[in-house]
Every structure is written in C-alpha cells, then in structure tokens.
S.K.: 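Quick one: the structure is below, and I'll ask about it shortly.
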Amino acid sequence: MNELHYQLDLLKAMNDKLMEKEKMYTRIFEVTESAFLYQSFVSDQIATLGQWNRFFDFKVREPRNFNKILDLVEDAYVPELKRVLFLEKQGETSAQTDCQLKATKGWLQFRTFVIYDNDGQPVNKVVYILNVTKARIQNEELNYMAYYDSLTGLYNRNYFVRLLTEYIKTAKENNAVVSVMLLDIDDFRKVNDGLGIMVGDELVQQFGFFLKELCGDNMVACHLHSDTFCLALYDPSGPGSVDAVYREIQRRVGEPFHISSGQDITVTVSAGVAEYPEAAQSALELMNCAELVVFKCKKQGKNVLQYFAPPILENFLNSIELENKLKRAVFNNDFHMYYQPQYYAGNRRLRGVEALIRWKDEEKMISPATFIPVAEKNGSIITIGKWVVEESIRQYSAWRRQFGFPFIMSINISALQYKREDFVDSIVGILNRYAVRPAEVELEITESVLIDDFSAVYEKLKVLRSYGIRISLDDFGTGFSSLSYLKRLPIDTLKIDKSFIDTVMTDSATRVITESIINMVKSLGFESIAEGVEEEQQYQYLHAIGCDVIQGFLFNKPLSPQELELVLAKSPPAV
Ligand code: C2E
Ligand code: MG
Ligand code: MG
C-alpha cells in the first residue's frame with residue numbers, strides 16, 4: 001500500500017513538474033512576437049504556437065495545409081519557401097528565407113530546423129516565422145541613402161563614380177566612347193542669396209527630377225553638390241547624343257520652374273563635356289576635365305556647352321608657365337612650409353600639425369593643388385618632396401626642444417616619392433640626423449599610391465611602421481575607397497576628405513557613409529581625422545559620431561611658423 005502511495009506521489013510530482021513546464025512554455029509563446037509550427041514525424045502530430053493566430057487566419061493540421069502558407073506569398077518567393085517548409089525532403093537540418101506577402105506587401109522570414117535520427121529519418125521539425133517588414137524597410141532606406149542623393153533622388157557622387165567606372169570598363173572592351181557632362185546652373189548663388197536656400201533647394205530638386213526622367217538605358221545622372229550635376233552617357237548617338245541631351249536640357253530650363261512659394265524661375269545652364277578615351281582614362285579624371293571646361297564656360301559668358309580638348313588643360317598650365325617657373329622655384333628654393341593644427345575632438349587639445357607647402361611666386365601665392373600635380377608630372381616632386389620632409393622634420397625638432405612637448409608632424413608624400421628605392425632609408429636618415437622620434441612623425445599617403453602598385457608600397461609601409469613611423473591615408477572617399485580593403489592596409493590614421501565634411505550637414509546619404517566610415521575605422525583600431533571642418537555644427541556632429549580628430553578652418557588655417565609658435569606657446573598638447 002505504501003509502495004502504491006509512493007508511486008502515486010511520484011507521479012503527481014512528475015505531473016506537477018510537467019504542468020509547470022507547460023505553463024512556462026505557454027507563457028514564453030504568449031510573449032513572443034513570432035509564430036511557430038511544430039511537426040513530429042514520429043507521432044504525426046502538427047501544432048501551431050506563439051502568435052500563429054495573429055499571423056495567419058487558418059490552422060495547419062496536416063502537411064498539405066502547409067500549402068495555405070504558400071498561397072499567401074508573392075509567386076517569385078514560392079519555390080524557395082516550398083524548399084524551406086519541406087526541408088526534410090532535402091535531408092538538410094536548417095534553412096531560412098524571406099518572403100513578401102501578396103496582400104500587405106509585408107515581409108515574413110521562415111526559418112526551419114529539422115532533427116534526424118541515426119538512420120537519417122526526420123524526427124521532428126520546427127518552422128519559426130518572424131515579421132521582418134520593419135527591418136527590410138530600414139535596410140532598403142539605408143541602401144537608398146548609400147546610393148542616392150536625398151534631395152533629388154539622383155545617384156550620389158560615390159555611386160555615380162562607380163557606375164561611370166563600369167561604363168569605362170565596358171567601353172574599353174567594346175571600343176566605345178563614354179561622355180561625361182558636368183552641368184552647373186548659372187548664377188545659382190543669386191537664387192540662393194536673393195530668394196533663400198529653400199527656393200534654391202527646390203530649384204535644384206526640380207532640375208534633378210527632370211534629369212532623372214531624361215536618363216535612359218545608356219545614361220546615368222548624379223547630383224554632385226549644390227547646383228552641380230553630372231551625367232554619364234555610354235556610347236552616345238542619335239537622340240542620346242551629347243548635343244541632343246544638352247538641347248533637351250536647354251529646352252527645359254527655358255521654361256520656368258514653378259516654386260511652391262509662388263515664384264517662377266528661369267535659369268541657364270553651362271555644360272562641360274569630357275570624353276573617354278580622348279580626354280582621360282578614369283572616372284575621376286573625366287569628371288575633373290569636365291569641371292575644368294565648365295569653369296571656362298563660366299568665364300566666357302555662361303549658358304553654353306563646351307567640349308574638353310587637351311589644349312584647355314595645356315593653356316591653363318601654359319598661361320602661367322607653370323612648369324618652367326616650378327623648375328626655377330626648385331632651384332631658388334622659393335617654397336615655404338605652413339602648418340595646420342589638428343585637434344582632438346574630445347578635449348580640443350592639439351594632436352599635431354599637417355605640413356603644407358606654399359609657393360610664393362613674385363608675391364603671388366600658387367596653391368599646391370595646382371603645382372603639385374605639375375611637379376608630379378615633370379618629376380620635380382622628388383626634389384620638392386625631399387625638401388618638404390627635411391624642412392618639416394628640422395622645424396619639428398627645433399620646436400620639440402623649444403616648447404618641450406611632443407606632438408605629431410604630419411607630412412604629405414606623393415606617389416613618386418614612394419617609388420624611390422631609397423625612400424625609407426632617406427626618411428630614417430633625416431629622423432636620425434635631427435634626433436626626432438619616429439612615433440612623432442606621420443606620413444600621409446593617398447589611395448592613388450596604392451592603386452598603382454599595391455604590393456611594393458605595402459611592403460614599404462610595413463617597414464616604415466616597423467620603425468614606429470605613423471602612416472595616414474589622406475583624402476579618403478575621393479578615390480575608389482572601398483571599406484573592405486581598408487582591413488588590409490598597414491595604416492594608423494584615416495583622413496576623411498573635405499568633400500564629405502562639406503555636405504555632411506545637408507546630405508543624409510553623406511551622413512550615413514561618414515558614420516559607417518567612422519565605425520569601420522574604429523573597429524579596425526585606426527584613428528579618424530576629419531579634414532576641412534569649417535563650422536561649429538560640423539565639429540559637434542563629427543564629435544558626436546565618434547570622429548577622433550578635427551582639422552579645419554574652424555580652428556586654424558594653415559599657419560606660418562611664426563603664427564604656429566603662438567599656438568604652441570599657449571596650447572600644450574595632449575599626445
Ligand atoms: P591635403 O593633404 O588633403 O591637405 C588639406 C588641404 O585642405 C590643404 O590645402 C588645407 O589648406 C585645406 N584645408 C584644411 N582645412 C580646410 C578648411 O576648413 N576649409 C578649406 N576650404 N580648406 C581646408 P592646401 O594646403 O592647398 O593643399 C592642397 C593639397 O596639396 C594637399 O591636400 C596635398 O594633397 C597637396 N600638398 C600640400 N602640401 C604638400 C606637400 O608638401 N607635399 C605633397 N606631396 N603634397 C602636398
Ligand atoms: Mg594631407
Ligand atoms: Mg586631404
């Protein structure tokens with residue numbers, strides 16, 4: 001009798017435990033936001049759990065009821081969903097797929113898990129169903145922002161460069177032509193200043209919409225910035241020819257744009273065209289050439305279309321006899337170094353300075369952006385570059401002793417300098433001569449250095465870093481910057497180009513990209529520097545998204561040595 005009691009107690013205890021477990025699972029399924037389908041192949045049982053009734057208005061009692069689920073989704077997703085729902089037929093253990101629903105256009109994700117016995121027979125299966133509509137929409141928005149300009153709906157600059165590069169690649173294979181047309185609304189400033197930014201924005205938007213409509217199979221358009229647009233035409237001819245497209249643009253801008261605040265605005269547009277393969281070989285070069293032409297159009301009265309011809313560039317260079325003057329300047333040493341401070345975003349304390357060359361030609365300053373490319377072309381960059389390195393390090397060594405604290409001296413190095421056999425030795429030699437610690441010197445390289453000859457430069461960078469010299473990747477975002485190749489680079493710092501900073505407050509796509517660059521840089525353990533920060537608002541934003549260092553006119557322009565000394569005297573840095 002006692003034995004029977006004991007057995008009964010035991011059964012009751014086991015039953016209570018099971019009931020408790022059941023309660024637990026029921027409760028869990030109540031609070032979950034997903035639906036579940038359980039099928040036992042052993043007992044032939046099928047159960048629906050979780051939020052099944054909120055997802056579906058039918059029950060599934062036997063395997064053929066599964067087809068009711070298939071009826072709900074768009075046709076394109078049926079074959080894959082069928083495979084996932086009946087996964088045991090494939091002998092697989094898990095799979096998942098996202099499907100769009102016919103009725104609501106929402107998205108469901110189906111994840112199936114099957115357990116098999118030792119003989120490979122299915123024992124049971126769970127299908128886990130989630131509503132992923134929100135995530136899909138967010139993802140689509142994010143994708144949209146990475147590729148498109150939010151104001152006009154046209155492609156953004158980065159994506160356009162990619163598409164143009166594709167056009168050029170195909171044209172190379174097929175001996176075809178690619179035309180790049182840069183468009184700039186004449187006197188846009190007057191609209192902006194006179195009628196307000198909102199009106200200016202709406203004009204840009206309407207013109208952008210028009211260009212979008214204009215694009216056909218072999219034509220893509222992007223909004224570069226402000227009132228500047230760029231078109232790429234693959235093998236243009238007939239109604240898709242450059243002239244026909246420009247005529248169409250002329251026709252549109254000849255009619256007024258009706259602005260919602262009541263104004264009617266008529267504008268003219270200047271266009272510069274550069275063509276592959278004649279003008280240049282790469283997307284960025286073509287865009288630069290087209291820009292140079294627009295620049296010329298503007299000087300010659302606007303409202304015109306002009307083609308790039310090599311003389312445009314040559315005239316430009318010859319007009320100031322740049323090459324010869326440059327040679328003389330190297331000989332006479334007419335160069336000066338200026339230094340632009342960089343500050344930590346967090347405490348606004350000095351991190352270091354970037355050494356920037358200045359050329360005073362008969363009391364006129366010539367910008368390095370103009371003469372460095374020429375010096376690279378005629379080879380004098382080697383002589384100039386050597387002088388830059390030596391002068392910056394000499395100056396740093398003197399300041400280091402005078403002020404008694406370290407900071408970083410960042411020096412721009414051009415691609416040709418890296419190619420020299422003796423490059424590493426000469427840098428190390430100069431550091432030794434002036435007793436400067438390698439860790440206090442940073443070399444700035446651009447992506448073009450890497451594109452030319454990745455493996456040779458890669459090895460040199462590694463050697464430089466093994467001495468403790470810092471390496472910084474300059475102008476990031478202007479080339480074919482791919483975030484994925486960053487992982488392979490032996491660098492310490494990444495400088496986000498000014499073109500990003502210029503539009504970061506006005507263009508949401510730029511913000512998305514800038515934030516993902518900074519996150520990537522952080523995860524790789526590099527330091528990030530924002531270049532060309534001119535406004536407090538930009539600084540605040542960059543600081544908030546985790547950018548480490550700020551360089552720009554907001555804090556200082558490039559300063560003469562005397563001017564920098566005033567800064568050093570009052571701001572012990574935080575290295
Ligand atoms: P970079 O290395 O990207 O240098 C930054 C440029 O942005 C500098 O122009 C600087 O004056 C400018 N900048 C910085 N903050 C602001 C800002 O807030 N607003 C604006 N509008 N501009 C800002 P810079 O000195 O004219 O130099 C132009 C380029 O020439 C440099 O771009 C660099 O690529 C090259 N360069 C300059 N010095 C040297 C040099 O010694 N050697 C070599 N190889 N290249 C140099
Ligand atoms: Mg630089
Ligand atoms: Mg830069």
Side-chain angles (χ1 to χ4, degrees), residues 25 28-148 153 155 159 162-163 166 169-170 215-218 220 482-484 512 516:
Y25 290 127
I28 289 172
F29 283 126
E30 268 169 16
V31 297
T32 174
E33 298 199 343
S34 310
F36 299 84
L37 220 166
Y38 172 83
Q39 179 177 13
S40 163
F41 297 101
V42 181
S43 63
D44 263 347
Q45 206 193 338
I46 294 184
T48 52
L49 305 141
Q51 302 304 321
W52 185 271
N53 294 336
R54 274 180 36 202
F55 277 61
F56 307 106
D57 59 0
F58 54 82
K59 289 265 180 258
V60 175
R61 304 261 184 242
E62 45 190 323
R64 65 190 165 92
N65 295 152
F66 277 49
N67 290 329
K68 292 187 190 166
I69 304 177
L70 296 173
D71 290 341
L72 297 178
V73 307
E74 292 275 359
D75 293 348
Y77 301 93
V78 169
E80 181 58 13
L81 180 58
K82 211 170 186 172
R83 193 184 78 80
V84 170
L85 288 181
F86 299 101
L87 196 62
E88 70 281 4
K89 294 196 172 144
Q90 321 286 324
E92 290 173 31
T93 49
S94 68
Q96 73 173 55
T97 183
D98 286 6
C99 302
Q100 191 167 28
L101 299 174
K102 276 184 197 155
T104 59
K105 299 292 170 211
W107 288 85
L108 292 186
Q109 185 171 78
F110 294 84
R111 301 184 191 174
T112 303
F113 304 87
V114 187
I115 289 181
Y116 299 89
D117 64 16
N118 289 341
D119 301 325
Q121 292 303 313
V123 178
N124 62 43
K125 168 170 83 179
V126 173
V127 183
Y128 171 24
I129 305 157
L130 297 87
N131 185 345
V132 289
T133 310
K134 216 163 135 190
R136 294 281 304 208
I137 291 174
Q138 272 173 355
N139 209 0
E140 274 165 25
E141 275 172 8
L142 211 65
N143 264 334
Y144 184 84
M145 288 195 280
Y147 297 121
Y148 296 93
Y155 293 124
Y159 192 58
R162 243 204 266 174
L163 294 175
E166 285 296 316
K169 209 171 130 209
T170 319
C215 286
D217 274 351
N218 286 322
V220 287
S482 123
L483 286 175
S484 58
V512 170
S516 62

S.K.: After noting the C-alpha distance and the side-chain angles of Lys82 and Asn67, does the key distance pass the side chain to side chain donor-acceptor pair (under 3.5 Å) rule?
M.R.: CA-CA 8 Å; Lys82 211 170 186 172; Asn67 290 329; 5.8 Å; no
S.K.: Counting neighbours of NZ on Lys134 that are heavy atoms of other residues, nucleotides or ligands and sit closer than 6.0 Å, is the number greater than 12?
M.R.: no
S.K.: Can you sort out the partners of Lys169 under side-chain contact (heavy atoms from CB on, under 4.5 Å), two or more places apart, ordered by chain and number?
M.R.: Glu173
S.K.: Rounded to the nearest 0.5 Å, how far does CG of Asp57 lie from NZ of Lys68?
M.R.: 9.0 Å
S.K.: Do Lys105 and Glu74 have side chains that get closer than 4.5 Å, going by heavy atoms?
M.R.: yes
S.K.: State which residues pass side-chain contact (heavy atoms from CB on, under 4.5 Å) with Thr170; sequence neighbours excluded, sorted by chain then number.
M.R.: Asn174, Tyr234
S.K.: Which residues pass the salt bridge (charged side-chain N to carboxylate O under 4.0 Å, His left out) test with Glu33, sequence neighbours left out?
M.R.: none
S.K.: Which heavy atom of Ser34 sits nearest to which heavy atom of Leu130, and what is that distance?
M.R.: OG-CG, 4.0 Å
S.K.: Kindly indicate whether the side chain of Leu85, heavy atoms from C-beta on, has any atom under 4.5 Å from the side chain of Leu37.
M.R.: no
S.K.: Asn131: which residues meet the side-chain contact (heavy atoms from CB on, under 4.5 Å) condition with it, sequence neighbours left out?
M.R.: Phe55, Leu108, Thr133
S.K.: For Pro63, enumerate each residue passing the side-chain contact (heavy atoms from CB on, under 4.5 Å) test, keeping only those at least two apart in sequence or located in another chain.
M.R.: Gln39, Ile46
S.K.: To the nearest 0.5 Å, how far apart are CD in Glu80 and CD in Gln96?
M.R.: 10.0 Å
S.K.: Between Tyr159 and Tyr148, does the ring centre distance come in under 6.0 Å?
M.R.: no
S.K.: Which atoms form the tightest heavy-atom contact between Phe110 and Val84, and what is the distance?
M.R.: O-CG1, 3.9 Å
S.K.: Identify the two heavy atoms, one from Pro79 and one from Ala76, that lie closest to each other, and give their separation to 0.1 Å.
M.R.: CD-O, 3.9 Å
S.K.: Kindly compute the distance separating CG (Asn124) from CD1 (Ile115), expressed to the nearest 0.5 Å.
M.R.: 5.0 Å
S.K.: Kindly indicate, with the supporting measurements, whether the criterion side chain to side chain contact (heavy atoms under 4.5 Å, CB included) is fulfilled by Asp98 and Val132.
M.R.: CA-CA 8 Å; Asp98 286 6; Val132 289; 4.1 Å; yes
S.K.: In the structure I gave you, are the side-chain heavy atoms of Glu30 and Tyr25 within less than 4.5 Å of one another anywhere?
M.R.: no
S.K.: Centres of the Trp107 and Tyr77 rings: under 6.0 Å?
M.R.: yes
S.K.: Hey, mind stepping through Ile129 and Trp52 against side chain to side chain contact (heavy atoms under 4.5 Å, CB included) and telling me if it holds?
M.R.: CA-CA 9 Å; Ile129 305 157; Trp52 185 271; 3.7 Å; yes
S.K.: Please assess Phe41 against Val123 for the test side chain to side chain contact (heavy atoms under 4.5 Å, CB included), listing each intermediate value before the final yes or no.
M.R.: CA-CA 5 Å; Phe41 297 101; Val123 178; 5.8 Å; no
S.K.: Using the salt bridge (charged side-chain N to carboxylate O under 4.0 Å, His left out) rule, collect all pairs that involve residues 109-129, keeping only residues at least two apart or in two chains.
M.R.: Glu88-Lys125
S.K.: Suppose we call two aromatic rings close when their centres sit under 6.0 Å apart. Are Phe86 and Phe66 close by that rule?
M.R.: yes
S.K.: Is a donor on one side and an acceptor on the other found under 3.5 Å between the side chain of Tyr155 and the backbone of Leu163?
M.R.: no
S.K.: Got Asn65 and Phe58 here, is their nearest side-chain heavy-atom distance under 4.5 Å?
M.R.: no
S.K.: If you apply the rule side chain to side chain contact (heavy atoms under 4.5 Å, CB included), what do you find for Phe56 with Leu72, and how did you get there?
M.R.: CA-CA 9 Å; Phe56 307 106; Leu72 297 178; 3.5 Å; yes
S.K.: Does any part of the side chain of Thr93, heavy atoms only, come nearer than 4.5 Å to the side chain of Val114, both counted from C-beta?
M.R.: no
S.K.: Is the distance between the ring centroids of Phe29 and Phe36 under 6.0 Å?
M.R.: yes
S.K.: I need the Ser94 OG to Leu87 CG distance, nearest 0.5 Å.
M.R.: 7.5 Å
S.K.: Quick check: do Arg83 and Lys89 have side-chain heavy atoms less than 4.5 Å from each other?
M.R.: no
S.K.: I'd like to check Val73 versus Val78 (side-chain heavy atoms, cut-off strictly below 4.5 Å). Are they in contact?
M.R.: yes
